[in-house]
S.K.: 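Got a structure for you, written out below as structure tokens; questions coming shortly.
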Amino acid sequence: MSTIKVAILGFGTVGEGVYRILNEKKNEIKLQTGYTIEISSIVVRDVTKNRIETPGIKITDSIQDVFADPDIDLIFEAIIGEEPAFAYLSKAISKGINVITANKAMFAKHGPALIKQAENQNVQIGFEATTAGGVPIIRTLKNLLQADRVQRIQGILNGTSNFILTKMRQDNVPFEVALEEAQANGFAEADPSDDIGGKDAFRKLMILSDLAFGRQPIWEDIQINGIDKIHSDDVSVATEKGLRYRHIADISIDENGIPSGSVGPVLIGPEHPLYGVDGVDNAIIVDTEYLGALTLIGPGAGMYPTASAMISDFLHIVGKREKVLIPS
Ligand code: NDP
Ligand code: HSE
């Protein structure tokens, strides 16, 4: 029986989720793919932190421990920020290691370069988890684009914002209390300012723009607003009028192929398709030339939804193993 050897970068909400699913599903994965998965190392920032037991796995703060092992087939990356994540993944690809990332801050900026590098090296790159958590929007877009043309994408792309807005409306909870709950659930980033300030949704929109339109707009041209200026009173007044705040990211392409968009809170009524999307759910409406409007809804953040998107990428890559992985 062959083995696929992997490393996990980051062991917070998402990295731990990947570890848990790989463990919980190891027999199914073996049956489905024919391969045993060996997690050789986990890279973190602080090796002294208390964590769940991971028997037989090296916990290290040095990426060199991963690169020193010539048998690593694939890296799951779930650390924070553009760097050192980009440098790590670029180096991994240059060594012929397949990569799967959840890191949208890194991928919005460096995704196009990494995809190109991966193509040149004939290795696989998975980024389903970067956008909308467990909602399979990346794979759906890739499938749609084979026979159709995307004209517009609009959606709720930040689970934390939607969770807070929902809590404020349904439970009359103050903004700060709802944010604390989102953090406790692992939905919000360690520093939640990009969640509530709109930048997180903006980055996901840029990843979708790249995929759907083959390019991103000039970042400075996009107006980015968050939910951080919405008060409980605003929510109450809207609710009395039968309206709801949603944080919506929107991008479309003009006849010259130029994308433009916006990110911010919008008041919508019951006729709007995003009116009923509550809690941590994300929703994406994709308008295409032939299919028309397609809406995907599901959990947009959290340990298992996000990790499941990474495992889905993993199984997709393992399905191509004969072509892209060197048997160990
Ligand atoms: P956490 O803050 O829970 O965990 C981050 C992990 O990364 C920690 O284990 C931390 O180490 C490690 N880490 C951070 N910087 C470095 C570094 N320079 N070198 C090595 N390890 C590092 O974050 P999440 O798990 O929530 O998120 C991980 C990534 O996934 C982020 O990019 C996030 O934006 C993205 N994401 C998160 C989702 C979610 O629902 N939480 C959903 C989709 C994407 P240590 O434990 O020692 O501090
Ligand atoms: N903090 C992000 C959110 C995680 O709330 O949507 C998922 O990308």
Side-chain angles (χ1 to χ4, degrees), residues 7-20 41-52 54 59-66 75-89 100-111 126-135 137-138 155-166 178-179 181-205 207-208 226-227 247 249 263 279-284 298-310 313:
I8 301 175
L9 313 189
F11 205 61
T13 303
V14 178
E16 186 182 319
V18 169
Y19 170 81
R20 283 174 182 271
S41 50
I42 294 173
V43 181
V44 294
R45 204 165 21 195
D46 176 3
V47 289
T48 65
K49 253 190 203 173
N50 270 338
R51 304 180 195 274
I52 58 163
T54 53
I59 306 286
T60 175
D61 58 5
S62 171
I63 190 71
Q64 300 316 327
D65 288 337
V66 175
I75 284 175
F76 291 95
E77 186 262 313
I79 66 175
I80 307 290
E82 285 175 33
E83 291 292 358
F86 173 54
Y88 289 174
L89 294 197
I100 295 171
T101 182
N103 185 341
K104 60 259 163 149
M106 181 278 297
F107 204 77
K109 188 154 174 197
H110 300 293
F127 55 99
E128 185 67 71
T130 59
T131 306
V135 181
I137 182 61
I138 302 297
I156 296 169
L157 296 180
N158 185 263
T160 299
S161 297
N162 207 45
F163 180 84
I164 292 171
L165 291 174
T166 304
L179 173 57
E181 203 176 322
Q183 288 175 299
N185 282 319
F187 304 152
E189 307 296 313
D191 173 357
S193 41
D194 289 349
D195 287 309
I196 59 174
K199 276 196 189 155
D200 179 78
F202 163 77
R203 292 185 183 119
K204 291 164 178 166
L205 193 67
I207 292 170
L208 294 179
I227 60 157
H247 188 258
V263 176
V280 73
D281 275 0
N282 281 190
I284 303 118
M303 176 183 280
Y304 280 107
T306 309
S308 83
M310 297 183 87
D313 276 342

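Small disclaimer: the values here were computed from a predicted structure and weren't measured. As the structure lists them, so they are numbered: ligands from 1, and atoms in each ligand from 1.
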S.K.: Please say whether Gly186 places an N or O atom under 3.5 Å from an N or O atom belonging to ligand 1.
M.R.: yes
S.K.: For atom 44 (C) of ligand 1, what's the nearest protein heavy atom and its distance?
M.R.: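 Looking at atom 44 (C) of ligand 1, the protein heavy atom closest to it is Ala102 O, 3.2 Å.
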S.K.: A side-chain contact here means heavy atoms from C-beta on lying under 4.5 Å apart; do Phe127 and Lys104 qualify?
M.R.: no
S.K.: How far is atom 33 (C) of ligand 1 from its nearest protein heavy atom, and which residue and atom is that?
M.R.: Glu189 OE1, 3.2 Å
S.K.: Short question: side chain of Asn103, backbone of Gly81 - any donor-acceptor pair under 3.5 Å?
M.R.: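 Between the backbone of Gly81 and the side chain of Asn103 there is a qualifying donor-acceptor contact (under 3.5 Å).
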S.K.: Does the side chain of Ile8 reach to within under 4.5 Å of the side chain of Val43, using non-hydrogen atoms?
M.R.: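 Ile8 does not reach Val43 side chain to side chain.
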S.K.: If you have a sec, work out which protein heavy atom is nearest atom 26 (O) of ligand 1 and how many Å separate them, to one decimal?
M.R.: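 Here the nearest protein heavy atom works out to Thr13 CB, 3.6 Å.
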S.K.: What part of Met106 sits under 4.0 Å from ligand 1 if we count only heavy atoms: the side chain, the backbone, both or neither?
M.R.: neither
S.K.: Looking at Ala108 and Ile207, what are the two nearest heavy atoms and their distance?
M.R.: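 That closest heavy-atom pairing would be CA-CG1, 3.7 Å.
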S.K.: Which pair of heavy atoms, one from His247 and one from Leu165, lies closest together, and at what distance?
M.R.: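 Shortest heavy-atom separation between His247 and Leu165 comes out as N-CD1, 4.0 Å.
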S.K.: Number the atoms of ligand 1 from 1 as they appear, then name those within less than 4.0 Å of a heavy atom of Lys104, with their elements.
M.R.: 34 (O), 36 (N), 44 (C)
S.K.: Which residue holds the protein heavy atom closest to atom 10 (C) of ligand 1, what is that atom called, and what is the gap in Å?
M.R.: Arg45 NH2, 4.1 Å
S.K.: Starting from atom 28 (C) of ligand 1, locate the nearest protein heavy atom and write down its residue, its atom name and how far away it is, to 0.1 Å.
M.R.: Ala78 O, 3.3 Å
S.K.: Please name the pair of heavy atoms, one in Ala188 and one in Pro192, separated by the smallest distance, quoted to 0.1 Å.
M.R.: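 It is CB-CB, 4.2 Å.
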S.K.: Would a distance-only check, ignoring hydrogens and angles, find a side-chain to backbone donor-acceptor pair under 3.5 Å from Asn162 to Val280?
M.R.: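 Judged by distance alone, no pair lies under 3.5 Å.
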S.K.: Please report the shortest heavy-atom distance between Phe163 and Glu181, naming the atom on each side.
M.R.: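 Smallest interatomic distance, heavy atoms only, reads CZ-OE2, 3.6 Å.
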S.K.: What pairs of residues pass the salt bridge (Lys or Arg N to Asp or Glu O under 4.0 Å) test when at least one of them lies in residues 79-88, not counting sequence neighbours?
M.R.: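 Every salt bridge (Lys or Arg N to Asp or Glu O under 4.0 Å) pair that includes a residue of residues 79-88, provided the two are not neighbours, is Glu82-Lys109.
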S.K.: Within the 3.5 Å criterion, strictly below it, is a donor on Asp191 or Ser193 matched to an acceptor on the partner's side chain?
M.R.: yes
S.K.: Within the 4.0 Å heavy-atom shell around Ala301, which atoms of ligand 1 are there?
M.R.: 40 (O)
S.K.: Parallel, tilted or perpendicular, judged at 30° and 60°: which one describes the rings of Phe86 and His110?
M.R.: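 It falls in the parallel class, under 30°.
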S.K.: At under 4.0 Å between heavy atoms, is it the side chain or the backbone of Pro84 that contacts ligand 1, or both, or neither?
M.R.: side chain
S.K.: Looking only at protein heavy atoms, which one is nearest to atom 4 (O) of ligand 1, and how far off is it?
M.R.: Gly12 CA, 3.2 Å
S.K.: Taking N or O atoms only and a 3.5 Å limit, does Lys49 qualify as a polar contact for ligand 1?
M.R.: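 Yes - when backbone and side-chain N and O of Lys49 are compared with those of ligand 1, one distance drops under 3.5 Å.
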S.K.: Is the contact between Met303 and ligand 1 made by the side chain, the backbone, both, or neither, using heavy atoms and a 4.0 Å cut-off?
M.R.: neither
S.K.: Using side chain to side chain contact (heavy atoms under 4.5 Å, CB included) as the criterion, point out the one residue from Ile79, Leu89, Asp313 that pairs with Thr101.
M.R.: Leu89
S.K.: With heavy atoms under 4.0 Å as the rule, classify the contact between Val44 and ligand 1 as side chain, backbone, both or neither.
M.R.: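 Val44 to ligand 1: contacts from backbone and side chain alike.
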S.K.: Could you report the tightest heavy-atom contact between Ala309 and Gly134, atom names first, then the distance?
M.R.: CB-CA, 4.4 Å
S.K.: Can you list everything that forms a salt bridge (charged side-chain N to carboxylate O under 4.0 Å, His left out) with Asp195? Sequence neighbours excluded, please.
M.R.: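 Listed in chain order: nothing, the list is empty.
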S.K.: Please examine the side chains of Ile59 and Thr54, heavy atoms only from C-beta on, and report whether any two atoms are closer than 4.5 Å.
M.R.: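 Sidechains of Ile59 and Thr54: in contact.
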S.K.: Give the residue and atom name of whichever protein heavy atom lies nearest to atom 43 (C) of ligand 1, and the separation in Å to one decimal.
M.R.: Thr306 CG2, 3.3 Å
S.K.: Among protein heavy atoms, which lies nearest atom 25 (O) of ligand 1, and at what distance?
M.R.: Val14 N, 2.8 Å
S.K.: Under 4.0 Å from ligand 1, counting heavy atoms only, is it the side chain of Arg51, its backbone, both or neither?
M.R.: side chain
S.K.: Do Ile79 and ligand 1 have an N or O pair less than 3.5 Å apart?
M.R.: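 Between Ile79 and ligand 1 (N or O atoms, distance only) the closest approach is under 3.5 Å.
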S.K.: For Leu208, enumerate each residue passing the side-chain contact (heavy atoms from CB on, under 4.5 Å) test, keeping only those at least two apart in sequence or located in another chain.
M.R.: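 With sequence neighbours excluded, Leu208 shows a side-chain contact (heavy atoms from CB on, under 4.5 Å) to Thr131, Ile137, Ile138, Leu141, Ile153, Leu157, given in chain and number order.
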S.K.: Taking all non-hydrogen atoms of both residues, which atom of Met303 and which atom of Thr13 are closest, and how far apart?
M.R.: CG-O, 3.3 Å
S.K.: For atom 23 (O) of ligand 1, which of the options Val18, Ile80, Asn103, Leu9 provides the nearest non-hydrogen atom?
M.R.: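 Result: the heavy atom closest to atom 23 (O) of ligand 1 is in Ile80.
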S.K.: Within less than 4.0 angstrom of ligand 1, does Ala129 place any heavy atom?
M.R.: yes
S.K.: Between ligand 1 and Phe11, is the shortest N or O to N or O distance under 3.5 Å?
M.R.: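 By distance alone, the answer is yes.
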S.K.: Is there a side-chain contact between Asp46 and Asp61 (heavy atoms, below 4.5 Å)?
M.R.: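 No - every pair of side-chain heavy atoms lies 4.5 Å or more apart.
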S.K.: Numbering the atoms of ligand 1 from 1, which are under 4.0 Å from a heavy atom of Asp46?
M.R.: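 Taking each heavy atom of Asp46 in turn, ligand 1 has 47 (O) under 4.0 Å.
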S.K.: Between ligand 2 and the protein, which N/O pairs fall short of 3.5 Å?
M.R.:
{"from": "ligand 2", "atom 1": "1 (N)", "to": "Phe187", "atom 2": "O", "distance (Å)": "2.7"}
{"from": "ligand 2", "atom 1": "1 (N)", "to": "Glu189", "atom 2": "OE2", "distance (Å)": "2.7"}
{"from": "ligand 2", "atom 1": "1 (N)", "to": "Asp195", "atom 2": "OD1", "distance (Å)": "2.7"}
{"from": "ligand 2", "atom 1": "5 (O)", "to": "Gly159", "atom 2": "N", "distance (Å)": "3.4"}
{"from": "ligand 2", "atom 1": "5 (O)", "to": "Thr160", "atom 2": "N", "distance (Å)": "2.9"}
{"from": "ligand 2", "atom 1": "5 (O)", "to": "Thr160", "atom 2": "OG1", "distance (Å)": "2.6"}
{"from": "ligand 2", "atom 1": "5 (O)", "to": "Phe187", "atom 2": "O", "distance (Å)": "3.1"}
{"from": "ligand 2", "atom 1": "6 (O)", "to": "Asn158", "atom 2": "ND2", "distance (Å)": "3.4"}
{"from": "ligand 2", "atom 1": "6 (O)", "to": "Gly159", "atom 2": "N", "distance (Å)": "2.8"}
{"from": "ligand 2", "atom 1": "6 (O)", "to": "Lys204", "atom 2": "NZ", "distance (Å)": "3.0"}
{"from": "ligand 2", "atom 1": "8 (O)", "to": "Lys104", "atom 2": "NZ", "distance (Å)": "2.6"}
{"from": "ligand 2", "atom 1": "8 (O)", "to": "Lys204", "atom 2": "NZ", "distance (Å)": "2.8"}

S.K.: If you measure every N or O of Gly15 against every N or O of ligand 1, does any of those distances drop under 3.5 Å?
M.R.: no
S.K.: Using a plain distance cutoff, I'd like to know if Gly300 has any nitrogen or oxygen under 3.5 Å from a nitrogen or oxygen of ligand 1.
M.R.: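 No; the residue has no nitrogen or oxygen that sits under 3.5 Å from a nitrogen or oxygen of the ligand.
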